[in-house]
S.K.: 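Just dropping this structure here.
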2 protein chains.
Amino acid sequence: MTTAGSESRSAQQEDPCRTREVLDIVGDKWSLLVVRNLSQGPRRFTELKRAIDGISQRMLTVTLRSLERDGILTRTVRNVMPPHVSYELTPMGKTLRQATAPLLEWSTIHLAHIDAARATYDARPDTSPA
Amino acid sequence: MTTAGSESRSAQQEDPCRTREVLDIVGDKWSLLVVRNLSQGPRRFTELKRAIDGISQRMLTVTLRSLERDGILTRTVRNVMPPHVSYELTPMGKTLRQATAPLLEWSTIHLAHIDAARATYDARPDTSPA
DNA sequence: CTGCATCCTCCTCGATACTG
DNA sequence: CAGTATCGAGGAGGATGCAG
């Protein structure tokens, strides 16, 4: 696009608010967990329900619908009794999974540090050294 | 922990819910925008307020506090009149910025595709081919 | 098994007004 | 300039019951 960034000073500031868009897609409570659980191949509704601890049926349905709508995953219905529905990442979904990997890795590395920082912060009196 | 994952099949599934932790830290509406705006160096409160379109004073304050608590950025007060406060990413904050880069890049590449996928999805009759 | 509809609760966030 | 306090609306998300 036109964001090629010919200037050096704004190389990391392509445009003002793509960040918002990304969060609208996967910034909710469950989407990334679903994507993560599908990264190893197709899964059925109940499998996901069990794998993602704490998610309600409602939220799983809502989240899957949203991701399907965005083209992140596909929903395949086998018209049998009992119903059999499986979900699978699209190619784009897989690239998303890969794009989130660095962030996950970052968390793995730094979470302990963050925990420590919080403890330090909470222990501060700060408000009035005068 | 015991989740060391010596098996190959779960190489990308180190543990069940780091994802949740990350979202707790930067999954809110403004954190990533603040981090992004600090990636080019220290900024003052009002500068951030202007740079991040739509953020309220309250949310900027709350977001900055949270990020400071997590050790993502530092808050430096110059005790003068009028007050002068500047915020700057810590080394850890800078690594976070880098970890989010792939996700931003992903969005730049795929947002149009997602838009198209949504349009297609919304145009579907699907509900009753029977 | 998979999914929808409803109700209800809590938390996030915005608007406003006030302080040092 | 920087920040706090309070209020209120809105949406996310949990619980439950029903249906194909």
Side-chain angles (χ1 to χ4, degrees), chain A residues 17 19-20 23-34 37-38 42-70 73-88 121 124-130, chain B residues 17 19-20 23-34 37-38 42-70 73-88 121 124-130:
Chain A
C17 54
T19 305
R20 178 63 44 77
L23 291 177
D24 281 348
I25 297 166
V26 295
D28 64 287
K29 199 175 177 183
W30 303 107
S31 288
L32 285 183
L33 291 174
V34 170
N37 270 275
L38 287 177
R43 289 291 152 94
R44 298 183 54 179
F45 187 89
T46 311
E47 288 180 304
L48 290 172
K49 175 90 168 59
R50 268 196 306 258
I52 305 173
D53 201 63
I55 196 171
S56 63
Q57 285 186 354
R58 175 185 141 84
M59 288 319 297
L60 182 53
T61 300
V62 169
T63 303
L64 287 170
R65 278 285 189 281
S66 172
L67 292 173
E68 184 195 3
R69 190 171 101 104
D70 291 344
L73 56 79
T74 58
R75 176 172 179 267
T76 306
V77 183
R78 289 177 49 194
N79 205 6
V80 297
M81 196 54 190
H84 182 119
V85 182
S86 78
Y87 297 88
E88 182 171 17
Y121 184 94
R124 273 195 234 175
D126 75 358
T127 24
S128 55
Chain B
C17 56
T19 305
R20 177 63 44 75
L23 290 178
D24 282 347
I25 297 166
V26 297
D28 64 287
K29 199 175 178 184
W30 304 106
S31 288
L32 285 183
L33 291 175
V34 170
N37 270 275
L38 287 177
R43 289 291 151 94
R44 298 183 54 178
F45 188 89
T46 311
E47 288 180 305
L48 290 172
K49 175 93 168 59
R50 268 197 305 258
I52 305 173
D53 200 63
I55 195 170
S56 63
Q57 284 187 355
R58 175 186 142 84
M59 287 320 297
L60 182 53
T61 301
V62 169
T63 302
L64 287 169
R65 279 284 189 281
S66 172
L67 292 173
E68 184 195 4
R69 189 172 102 102
D70 290 345
L73 55 78
T74 58
R75 176 172 179 267
T76 306
V77 183
R78 289 176 48 193
N79 205 8
V80 296
M81 197 52 191
H84 183 120
V85 182
S86 78
Y87 297 88
E88 183 171 16
Y121 183 94
R124 274 196 233 173
D126 76 359
T127 22
S128 55

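It should be emphasised that the depicted structure is a prediction, and the values quoted were computed from it without experimental measurement. By convention in this document, chain letters (A, B, ...) are assigned in the order of the sequence lines, proteins followed by strands, and residues within each chain are numbered from 1.
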S.K.: When all nucleic acid strands are considered with a 4.0 Å heavy-atom cut-off, which category describes B:Thr61: base, sugar-phosphate, or nothing?
M.R.: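 If one applies the 4.0 Å heavy-atom cut-off, B:Thr61 turns out to touch a base.
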S.K.: Look at all strands and tell whether B:Arg78 reaches a base, only sugar-phosphate, or nothing, counting heavy atoms closer than 4.0 Å.
M.R.: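 Contact class for B:Arg78: none.
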S.K.: Reckon B:Arg65 touches a base, only the sugar-phosphate, or nothing at all at heavy-atom distances under 4.0 Å?
M.R.: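 Sugar-phosphate: the residue B:Arg65, judged by heavy atoms under 4.0 Å, touches backbone atoms but no base.
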S.K.: For B:Gln57 and for B:Pro82, locate the closest nucleotide of DNA chain C by heavy-atom distance; then report the residue assigned to the nucleotide nearer the 5' terminus.
M.R.: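 So the residue in question is B:Gln57.
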S.K.: Apply side-chain contact (heavy atoms from CB on, under 4.5 Å) to the pair B:Leu73 and B:Val34, showing each step before the final yes or no.
M.R.: CA-CA 10 Å; B:Leu73 55 78; B:Val34 170; 4.2 Å; yes
S.K.: I would like to know whether B:Val62 and B:Trp30 meet side-chain contact (heavy atoms from CB on, under 4.5 Å); could you show each step before the answer?
M.R.: CA-CA 10 Å; B:Val62 169; B:Trp30 304 106; over 6 Å; no
S.K.: Looking across every strand, which nucleic acid part, if any, lies under 4.0 Å from A:Lys29 by heavy atom: base, sugar-phosphate, or nothing?
M.R.: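 The answer is sugar-phosphate, as A:Lys29 gets under 4.0 Å only of primed atoms, P, OP1 or OP2.
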S.K.: What is the separation between atom CG on A:Leu64 and atom P on C:dC1, rounded to the nearest whole Å?
M.R.: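 Answer to the nearest Å: 16 Å.
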S.K.: Between D:dA12 atom C1' and A:Trp30 atom CH2, what is the distance in whole Å?
M.R.: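 Answer to the nearest Å: 12 Å.
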S.K.: Can you see which heavy atom on B:Asn37 is nearest to which on B:Arg43, and at what distance?
M.R.: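 For B:Asn37 and B:Arg43, the tightest heavy-atom pair comes out as O-CG, 3.8 Å.
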S.K.: The side chain of B:Pro83 lies closest to which of these nucleotides: D:dG13, D:dC1, D:dG3?
M.R.: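 Minimum distance to the B:Pro83 side chain belongs to D:dC1.
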S.K.: Taking CG from A:Asp24 and C1' from D:dG11, how many angstroms apart are they, rounded to a whole number?
M.R.: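 Going from CG in A:Asp24 over to C1' in D:dG11 covers 13 Å.
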S.K.: Side chain of A:Asp28, heavy atoms from C-beta onward: which of D:dG13, C:dG3, C:dC1 has the nearest atom to it?
M.R.: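 Of the options given, the side chain of A:Asp28 lies nearest D:dG13.
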S.K.: B:Met81 CE to D:dG3 P: how many Å, rounded?
M.R.: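 So the CE-P distance, B:Met81 to D:dG3, works out to 13 Å.
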S.K.: Do you know the tightest heavy-atom contact between A:Leu23 and B:Gly27?
M.R.: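 Smallest heavy-atom distance, with atoms named: CD2-O, 4.5 Å.
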S.K.: Could you state the CD1-P distance from A:Ile55 to D:dG14, rounded to the nearest angstrom?
M.R.: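 A:Ile55 atom CD1 is separated from D:dG14 atom P by 8 Å.
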S.K.: Expressed as a whole number of angstroms, how long is the span from A:Met59:CE to D:dG11:P?
M.R.: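 Whole-Å distance recorded here is 14 Å.
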S.K.: CG/B:Leu38 to CG/B:Leu33 distance, rounded to the nearest 0.5 angstrom?
M.R.: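 Here the rounded value is 11.0 Å.
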S.K.: Can you measure B:Glu68 atom CD to D:dA2 atom P for me and round it to whole angstrom units?
M.R.: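 About 15 Å, once rounded to whole Å.
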S.K.: Where the side chain of A:Arg58 is defined as all heavy atoms beyond and including C-beta, which of C:dA5, C:dG14, C:dG3 is the nearest nucleotide?
M.R.: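 Of all the options, the side chain of A:Arg58 is nearest to C:dA5.
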S.K.: What is the separation between atom CG on B:Leu60 and atom P on C:dG14, rounded to the nearest whole Å?
M.R.: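 Checked: the CG to P distance equals 11 Å.
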